[in-house]
Amino acid sequence: MKAFYAEEQKRHDPKAFLSSGAAQPNPEMPERVERLLAGALSAGCTIERPRDHGLGPVAAVHTPEYLDFLEHIYTRWQRIDGASAEVIPNIHPIARNGSYPASAVGQAGYHMADTACPISGETWQSALWSAWSAVDAAEAVMSGAPAAYALCRPPGHHAFADVAGGFCFINNSAVAAQVLRRTASRVAILDVDLHHGNGTQGIFYTRPDVLTVSLHADPVRFYPFFWGHADERGEGPGLGYNFNLPLPRKSADAAFLAALEVAFQRIRAFSPDALVVALGLDAFEGDPFGGLSVSTPGFSRIGEAIAKLGLPTVIVQEGGYLCDELGDNLTAFLTGFGGKTR
Ligand SMILES: [Zn+2]
(Lines give C-alpha, C1' and ligand atoms only; values in the text may rest on other atoms or scores of the structure.)
Protein backbone atom coordinates (compact mmCIF):
# COMPACT_ATOMS: atom_id res chain seq x y z
CA MET A 1 0.00 0.00 0.00
CA LYS A 2 1.19 3.52 -0.77
CA ALA A 3 1.65 5.84 2.19
CA PHE A 4 1.99 9.62 1.94
CA TYR A 5 4.01 11.89 4.22
CA ALA A 6 6.13 15.07 3.92
CA GLU A 7 8.96 16.09 6.27
CA GLU A 8 7.36 19.53 6.75
CA GLN A 9 4.60 17.84 8.76
CA LYS A 10 7.08 17.28 11.59
CA ARG A 11 7.95 20.96 12.08
CA HIS A 12 4.79 21.86 14.00
CA ASP A 13 5.94 21.29 17.59
CA PRO A 14 3.31 22.50 20.06
CA LYS A 15 4.56 23.07 23.58
CA ALA A 16 1.56 24.01 25.64
CA PHE A 17 -1.55 22.04 26.58
CA LEU A 18 -3.93 22.61 29.46
CA SER A 19 -5.35 19.44 30.96
CA SER A 20 -7.95 19.98 33.70
CA GLY A 21 -6.52 23.50 33.91
CA ALA A 22 -2.94 22.37 34.50
CA ALA A 23 -0.12 23.03 32.02
CA GLN A 24 1.22 19.78 30.56
CA PRO A 25 3.50 18.94 27.63
CA ASN A 26 1.42 18.78 24.44
CA PRO A 27 0.96 15.06 23.59
CA GLU A 28 0.76 15.72 19.83
CA MET A 29 4.56 15.55 19.51
CA PRO A 30 6.61 15.32 16.30
CA GLU A 31 8.01 12.01 17.53
CA ARG A 32 4.64 10.45 16.73
CA VAL A 33 5.70 10.66 13.09
CA GLU A 34 8.76 8.42 13.63
CA ARG A 35 6.66 5.77 15.32
CA LEU A 36 3.96 5.90 12.65
CA LEU A 37 6.46 5.82 9.78
CA ALA A 38 8.12 2.76 11.32
CA GLY A 39 4.68 1.16 11.71
CA ALA A 40 3.73 1.86 8.08
CA LEU A 41 7.06 0.48 6.81
CA SER A 42 6.63 -2.69 8.88
CA ALA A 43 3.25 -3.19 7.24
CA GLY A 44 4.94 -3.12 3.85
CA CYS A 45 3.95 0.43 2.85
CA THR A 46 6.03 2.45 0.42
CA ILE A 47 6.36 6.06 1.60
CA GLU A 48 5.84 8.81 -0.98
CA ARG A 49 6.07 12.56 -0.63
CA PRO A 50 2.78 14.27 -1.54
CA ARG A 51 2.63 17.04 -4.15
CA ASP A 52 1.87 20.67 -3.33
CA HIS A 53 -1.86 20.86 -4.15
CA GLY A 54 -2.28 24.53 -3.29
CA LEU A 55 -5.18 25.80 -1.24
CA GLY A 56 -7.99 24.42 -3.42
CA PRO A 57 -8.69 21.07 -1.73
CA VAL A 58 -8.43 22.68 1.71
CA ALA A 59 -10.66 25.63 0.78
CA ALA A 60 -13.26 23.09 -0.37
CA VAL A 61 -14.03 22.28 3.29
CA HIS A 62 -12.79 25.32 5.26
CA THR A 63 -13.93 28.97 5.17
CA PRO A 64 -11.63 31.61 3.63
CA GLU A 65 -11.89 33.63 6.85
CA TYR A 66 -10.49 30.68 8.83
CA LEU A 67 -7.72 29.83 6.36
CA ASP A 68 -6.60 33.47 6.30
CA PHE A 69 -6.55 33.36 10.13
CA LEU A 70 -4.47 30.15 10.21
CA GLU A 71 -1.94 31.48 7.73
CA HIS A 72 -1.35 34.88 9.36
CA ILE A 73 -2.28 34.70 13.03
CA TYR A 74 1.19 33.73 14.27
CA THR A 75 2.81 36.87 12.76
CA ARG A 76 -0.02 39.07 14.05
CA TRP A 77 0.27 37.52 17.53
CA GLN A 78 3.98 38.43 17.72
CA ARG A 79 3.04 42.13 17.52
CA ILE A 80 1.09 41.94 20.79
CA ASP A 81 3.14 43.16 23.76
CA GLY A 82 3.70 40.38 26.29
CA ALA A 83 1.87 37.74 24.23
CA SER A 84 2.68 34.03 24.57
CA ALA A 85 5.19 32.47 22.15
CA GLU A 86 2.43 30.32 20.64
CA VAL A 87 -1.07 31.49 19.76
CA ILE A 88 -3.37 30.25 22.54
CA PRO A 89 -6.90 31.60 23.01
CA ASN A 90 -8.21 32.88 26.31
CA ILE A 91 -11.73 34.07 25.42
CA HIS A 92 -14.42 32.34 23.34
CA PRO A 93 -17.85 33.37 22.08
CA ILE A 94 -20.54 31.43 23.98
CA ALA A 95 -22.74 31.77 20.91
CA ARG A 96 -21.93 32.95 17.41
CA ASN A 97 -24.19 35.80 16.47
CA GLY A 98 -22.55 36.88 13.25
CA SER A 99 -20.12 39.46 14.59
CA TYR A 100 -16.44 38.89 13.88
CA PRO A 101 -13.74 40.62 15.92
CA ALA A 102 -10.84 42.41 14.23
CA SER A 103 -8.32 41.73 17.00
CA ALA A 104 -5.93 38.78 16.97
CA VAL A 105 -7.02 37.78 20.50
CA GLY A 106 -10.69 37.91 19.55
CA GLN A 107 -10.16 35.94 16.37
CA ALA A 108 -8.07 33.32 18.21
CA GLY A 109 -11.02 32.75 20.53
CA TYR A 110 -13.41 32.66 17.58
CA HIS A 111 -11.39 30.14 15.56
CA MET A 112 -9.93 27.92 18.31
CA ALA A 113 -12.16 25.65 20.38
CA ASP A 114 -9.65 24.93 23.17
CA THR A 115 -6.03 25.31 24.28
CA ALA A 116 -4.86 22.03 22.76
CA CYS A 117 -4.05 23.50 19.36
CA PRO A 118 -1.38 26.20 19.87
CA ILE A 119 -0.19 27.84 16.65
CA SER A 120 3.53 28.45 16.09
CA GLY A 121 5.43 29.77 13.08
CA GLU A 122 5.54 26.25 11.61
CA THR A 123 1.92 25.22 12.13
CA TRP A 124 0.40 26.49 8.88
CA GLN A 125 2.90 24.74 6.60
CA SER A 126 2.80 21.51 8.63
CA ALA A 127 -0.99 21.45 8.52
CA LEU A 128 -1.03 22.15 4.77
CA TRP A 129 1.39 19.31 4.00
CA SER A 130 -0.62 17.03 6.25
CA ALA A 131 -3.73 17.86 4.21
CA TRP A 132 -1.82 17.35 0.95
CA SER A 133 -0.85 13.85 2.14
CA ALA A 134 -4.58 13.16 2.43
CA VAL A 135 -5.18 14.60 -1.06
CA ASP A 136 -2.53 12.37 -2.62
CA ALA A 137 -3.87 9.29 -0.82
CA ALA A 138 -7.37 10.09 -2.12
CA GLU A 139 -6.03 10.59 -5.64
CA ALA A 140 -4.14 7.28 -5.47
CA VAL A 141 -7.41 5.53 -4.65
CA MET A 142 -9.23 7.41 -7.41
CA SER A 143 -6.53 6.15 -9.81
CA GLY A 144 -7.40 2.58 -8.95
CA ALA A 145 -5.45 1.64 -5.82
CA PRO A 146 -7.74 -0.40 -3.52
CA ALA A 147 -6.41 1.59 -0.54
CA ALA A 148 -3.84 4.21 0.45
CA TYR A 149 -2.60 5.54 3.78
CA ALA A 150 -2.10 9.23 4.59
CA LEU A 151 0.24 9.74 7.54
CA CYS A 152 -1.52 12.94 8.53
CA ARG A 153 0.17 14.83 11.33
CA PRO A 154 -0.99 17.23 12.64
CA PRO A 155 -4.30 15.32 12.78
CA GLY A 156 -7.59 16.78 11.58
CA HIS A 157 -10.89 15.35 12.82
CA HIS A 158 -11.55 17.96 15.54
CA ALA A 159 -11.21 20.82 13.02
CA PHE A 160 -14.53 22.32 11.86
CA ALA A 161 -14.98 24.44 8.74
CA ASP A 162 -13.77 27.48 10.70
CA VAL A 163 -12.55 26.22 14.09
CA ALA A 164 -9.34 24.46 15.20
CA GLY A 165 -9.40 22.23 18.28
CA GLY A 166 -7.94 19.15 19.94
CA PHE A 167 -4.51 19.24 18.18
CA CYS A 168 -6.28 19.72 14.78
CA PHE A 169 -6.17 22.60 12.26
CA ILE A 170 -7.16 21.32 8.80
CA ASN A 171 -9.61 18.43 8.64
CA ASN A 172 -7.63 15.92 6.58
CA SER A 173 -10.36 13.26 6.54
CA ALA A 174 -12.87 15.82 5.27
CA VAL A 175 -10.38 17.00 2.65
CA ALA A 176 -9.90 13.39 1.47
CA ALA A 177 -13.67 12.78 1.34
CA GLN A 178 -14.24 15.95 -0.66
CA VAL A 179 -11.48 14.99 -3.14
CA LEU A 180 -13.10 11.54 -3.53
CA ARG A 181 -16.39 13.26 -4.28
CA ARG A 182 -14.92 14.41 -7.61
CA THR A 183 -15.66 10.91 -8.91
CA ALA A 184 -17.68 9.23 -6.14
CA SER A 185 -21.40 10.05 -5.78
CA ARG A 186 -21.40 9.11 -2.12
CA VAL A 187 -18.52 8.86 0.34
CA ALA A 188 -18.65 7.41 3.87
CA ILE A 189 -16.28 8.50 6.63
CA LEU A 190 -15.75 5.95 9.41
CA ASP A 191 -14.00 7.48 12.43
CA VAL A 192 -12.52 4.92 14.83
CA ASP A 193 -10.48 7.41 16.92
CA LEU A 194 -10.94 7.32 20.71
CA HIS A 195 -12.47 10.79 20.49
CA HIS A 196 -15.59 11.78 18.57
CA GLY A 197 -14.82 13.28 15.15
CA ASN A 198 -16.72 16.46 15.92
CA GLY A 199 -15.10 18.62 13.24
CA THR A 200 -15.83 16.08 10.52
CA GLN A 201 -19.42 15.76 11.73
CA GLY A 202 -19.75 19.55 11.70
CA ILE A 203 -18.40 19.94 8.16
CA PHE A 204 -20.85 17.44 6.65
CA TYR A 205 -23.75 17.85 9.10
CA THR A 206 -26.22 19.25 6.58
CA ARG A 207 -25.09 17.15 3.60
CA PRO A 208 -26.55 13.84 2.37
CA ASP A 209 -23.62 13.02 0.03
CA VAL A 210 -21.10 12.27 2.80
CA LEU A 211 -22.14 9.87 5.57
CA THR A 212 -20.25 10.46 8.82
CA VAL A 213 -20.01 7.59 11.32
CA SER A 214 -17.99 7.78 14.53
CA LEU A 215 -17.17 5.22 17.24
CA HIS A 216 -15.70 6.82 20.35
CA ALA A 217 -15.62 7.00 24.14
CA ASP A 218 -18.94 8.40 25.39
CA PRO A 219 -18.55 12.20 25.43
CA VAL A 220 -20.87 12.55 28.41
CA ARG A 221 -17.65 12.40 30.47
CA PHE A 222 -14.97 12.69 27.81
CA TYR A 223 -13.53 15.12 25.23
CA PRO A 224 -15.05 16.69 23.14
CA PHE A 225 -18.03 16.75 25.60
CA PHE A 226 -20.38 18.91 23.48
CA TRP A 227 -20.56 16.62 20.45
CA GLY A 228 -20.63 12.89 19.76
CA HIS A 229 -23.93 11.94 21.39
CA ALA A 230 -26.25 9.40 19.80
CA ASP A 231 -29.03 11.92 19.18
CA GLU A 232 -26.87 13.99 16.78
CA ARG A 233 -28.20 12.66 13.47
CA GLY A 234 -27.60 15.47 10.99
CA GLU A 235 -29.69 18.47 10.01
CA GLY A 236 -31.77 19.63 7.05
CA PRO A 237 -30.88 17.57 3.97
CA GLY A 238 -28.21 15.87 6.12
CA LEU A 239 -30.71 14.48 8.64
CA GLY A 240 -30.04 10.74 8.95
CA TYR A 241 -26.53 11.02 7.46
CA ASN A 242 -24.62 11.31 10.74
CA PHE A 243 -24.33 8.31 13.04
CA ASN A 244 -22.64 8.35 16.45
CA LEU A 245 -21.81 5.23 18.43
CA PRO A 246 -20.60 6.34 21.89
CA LEU A 247 -19.00 3.50 23.85
CA PRO A 248 -18.66 3.07 27.62
CA ARG A 249 -15.21 3.96 28.94
CA LYS A 250 -12.67 1.13 28.83
CA SER A 251 -14.66 -0.81 26.23
CA ALA A 252 -12.33 -3.50 24.85
CA ASP A 253 -12.02 -5.43 21.56
CA ALA A 254 -15.30 -7.35 21.69
CA ALA A 255 -17.45 -4.27 22.37
CA PHE A 256 -15.58 -2.20 19.79
CA LEU A 257 -15.94 -4.86 17.09
CA ALA A 258 -19.63 -5.28 17.90
CA ALA A 259 -20.18 -1.52 17.50
CA LEU A 260 -18.21 -1.65 14.27
CA GLU A 261 -20.73 -4.16 12.88
CA VAL A 262 -23.53 -1.70 13.66
CA ALA A 263 -21.54 1.01 11.85
CA PHE A 264 -21.07 -1.30 8.84
CA GLN A 265 -24.79 -1.93 8.60
CA ARG A 266 -25.38 1.83 8.27
CA ILE A 267 -22.51 2.23 5.80
CA ARG A 268 -23.79 -0.63 3.61
CA ALA A 269 -27.27 0.92 3.58
CA PHE A 270 -25.70 4.17 2.33
CA SER A 271 -24.02 2.25 -0.52
CA PRO A 272 -20.98 4.53 -0.82
CA ASP A 273 -18.58 4.49 -3.75
CA ALA A 274 -15.59 5.11 -1.46
CA LEU A 275 -14.62 5.08 2.21
CA VAL A 276 -12.41 7.29 4.37
CA VAL A 277 -11.21 5.70 7.61
CA ALA A 278 -10.30 8.32 10.21
CA LEU A 279 -7.76 6.10 11.94
CA GLY A 280 -7.09 7.13 15.50
CA LEU A 281 -4.96 4.65 17.40
CA ASP A 282 -5.72 6.25 20.77
CA ALA A 283 -8.50 3.73 21.48
CA PHE A 284 -5.53 1.52 22.48
CA GLU A 285 -5.51 0.15 26.04
CA GLY A 286 -2.03 1.59 26.65
CA ASP A 287 -2.60 5.04 25.08
CA PRO A 288 -1.87 7.94 27.48
CA PHE A 289 -5.52 9.09 27.16
CA GLY A 290 -6.75 5.75 28.53
CA GLY A 291 -10.34 6.09 27.32
CA LEU A 292 -10.91 2.71 25.64
CA SER A 293 -9.14 -0.64 25.85
CA VAL A 294 -8.55 -1.91 22.32
CA SER A 295 -5.55 -4.30 22.12
CA THR A 296 -2.87 -4.50 19.42
CA PRO A 297 -4.43 -7.69 17.92
CA GLY A 298 -7.74 -5.81 18.19
CA PHE A 299 -6.49 -3.19 15.69
CA SER A 300 -5.63 -5.99 13.30
CA ARG A 301 -9.19 -7.35 13.58
CA ILE A 302 -10.61 -3.84 13.08
CA GLY A 303 -8.53 -3.45 9.91
CA GLU A 304 -9.61 -6.86 8.66
CA ALA A 305 -13.28 -6.12 9.32
CA ILE A 306 -13.16 -2.75 7.52
CA ALA A 307 -11.41 -4.32 4.49
CA LYS A 308 -14.34 -6.73 4.15
CA LEU A 309 -16.58 -3.81 3.19
CA GLY A 310 -14.73 -4.09 -0.12
CA LEU A 311 -14.69 -0.33 -0.75
CA PRO A 312 -11.89 1.81 -2.21
CA THR A 313 -10.46 3.14 1.04
CA VAL A 314 -8.39 6.14 2.09
CA ILE A 315 -6.90 5.61 5.55
CA VAL A 316 -6.20 8.95 7.23
CA GLN A 317 -4.15 9.09 10.41
CA GLU A 318 -5.86 10.88 13.29
CA GLY A 319 -4.87 10.46 16.98
CA GLY A 320 -2.73 7.90 18.80
CA TYR A 321 -0.14 9.14 21.25
CA LEU A 322 3.31 8.15 22.43
CA CYS A 323 3.46 4.68 23.90
CA ASP A 324 5.72 1.74 23.03
CA GLU A 325 3.04 0.10 20.88
CA LEU A 326 2.02 3.11 18.74
CA GLY A 327 3.90 1.90 15.64
CA ASP A 328 2.86 -1.72 16.24
CA ASN A 329 -0.78 -0.70 16.40
CA LEU A 330 -0.53 0.95 12.98
CA THR A 331 1.24 -2.13 11.60
CA ALA A 332 -1.50 -4.31 13.10
CA PHE A 333 -4.29 -2.25 11.52
CA LEU A 334 -2.67 -2.02 8.08
CA THR A 335 -1.67 -5.69 8.07
CA GLY A 336 -5.16 -6.68 9.14
CA PHE A 337 -6.55 -4.48 6.37
CA GLY A 338 -4.31 -6.28 3.89
CA GLY A 339 -1.28 -4.02 3.76
CA LYS A 340 1.11 -6.87 2.98
CA THR A 341 -0.79 -8.07 -0.02
CA ARG A 342 -1.92 -4.82 -1.63
ZN1 LIG B 1 -8.26 11.07 19.55
Side-chain angles (χ1 to χ4, degrees), residues 9 12 14 17-20 24-33 35-36 39 112-118 127 130 134 150-160 163-174 176 189-203 212-229 244-252 256 259-260 263 276-296 298-299 302 315-323 325-327 329-330 332-333:
Q9 293 175 230
H12 168 67
F17 172 54
L18 286 183
S19 180
S20 305
Q24 304 281 353
N26 193 301
E28 209 286 279
M29 297 172 189
E31 194 187 335
R32 294 180 63 239
V33 163
R35 311 286 184 94
L36 294 167
M112 298 166 88
D114 52 50
T115 59
C117 46
S130 186
L151 199 172
C152 290
R153 187 275 164 182
H157 74 149
H158 297 307
F160 286 75
V163 179
F167 316 138
C168 301
F169 304 93
I170 295 173
N171 194 315
N172 309 303
S173 292
I189 302 178
L190 173 62
D191 190 318
V192 296
D193 190 280
L194 164 64
H195 304 94
H196 173 242
N198 55 337
T200 317
Q201 167 176 304
I203 287 170
T212 44
V213 180
S214 182
L215 282 73
H216 46 266
D218 193 333
V220 73
R221 288 184 183 278
F222 206 69
Y223 187 91
F225 303 108
F226 311 112
W227 302 270
H229 305 277
N244 286 330
L245 290 157
L247 299 167
R249 287 285 287 278
K250 302 291 180 190
S251 289
F256 200 95
L260 204 54
V276 174
V277 178
L279 178 64
L281 297 166
D282 43 4
F284 178 54
E285 57 192 350
D287 187 271
F289 281 100
L292 293 174
S293 300
V294 173
S295 70
T296 300
F299 282 111
I302 291 168
I315 300 160
V316 175
Q317 186 65 48
E318 296 287 358
Y321 300 92
L322 289 187
C323 55
E325 299 86 351
L326 178 57
N329 290 339
L330 178 60
F333 178 90

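Read the numbers this way: they start at 1 and go in the same order the structure lists the ligands and their atoms.
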**ND1 (His195) - the Zn ion (ligand 1) - OD1 (Asp193) angle, nearest 10°** = 100°
**Request:** Taking the side chain as every heavy atom from C-beta outward, state whether Val192 and Phe256 have any atom pair closer than 4.5 Å.
**Result:** yes
**Contact flag His157/the Zn ion (ligand 1), N/O/S atoms, threshold under 2.8 Å** = no
**Candidate pair Phe289 and Phe222, rule ring-ring contact (aromatic ring centres under 6.0 Å, His included), full reasoning** = CA-CA 10 Å; Phe289 281 100; Phe222 206 69; 7.3 Å; no
**Complete:** Only one of His157, His158, His196 passes ring pair (Phe, Tyr, Trp, His ring centres under 6.0 Å) with Tyr223, and that residue is His158
**Asked** With a cut-off of 2.8 Å, does Asp282 place any N/O/S atom under that distance from the Zn ion (ligand 1)?
**Response** yes
**Message:** Are the side chains of Val316 and Val276 in contact, using a 4.5 Å heavy-atom criterion?
**Reply:** yes
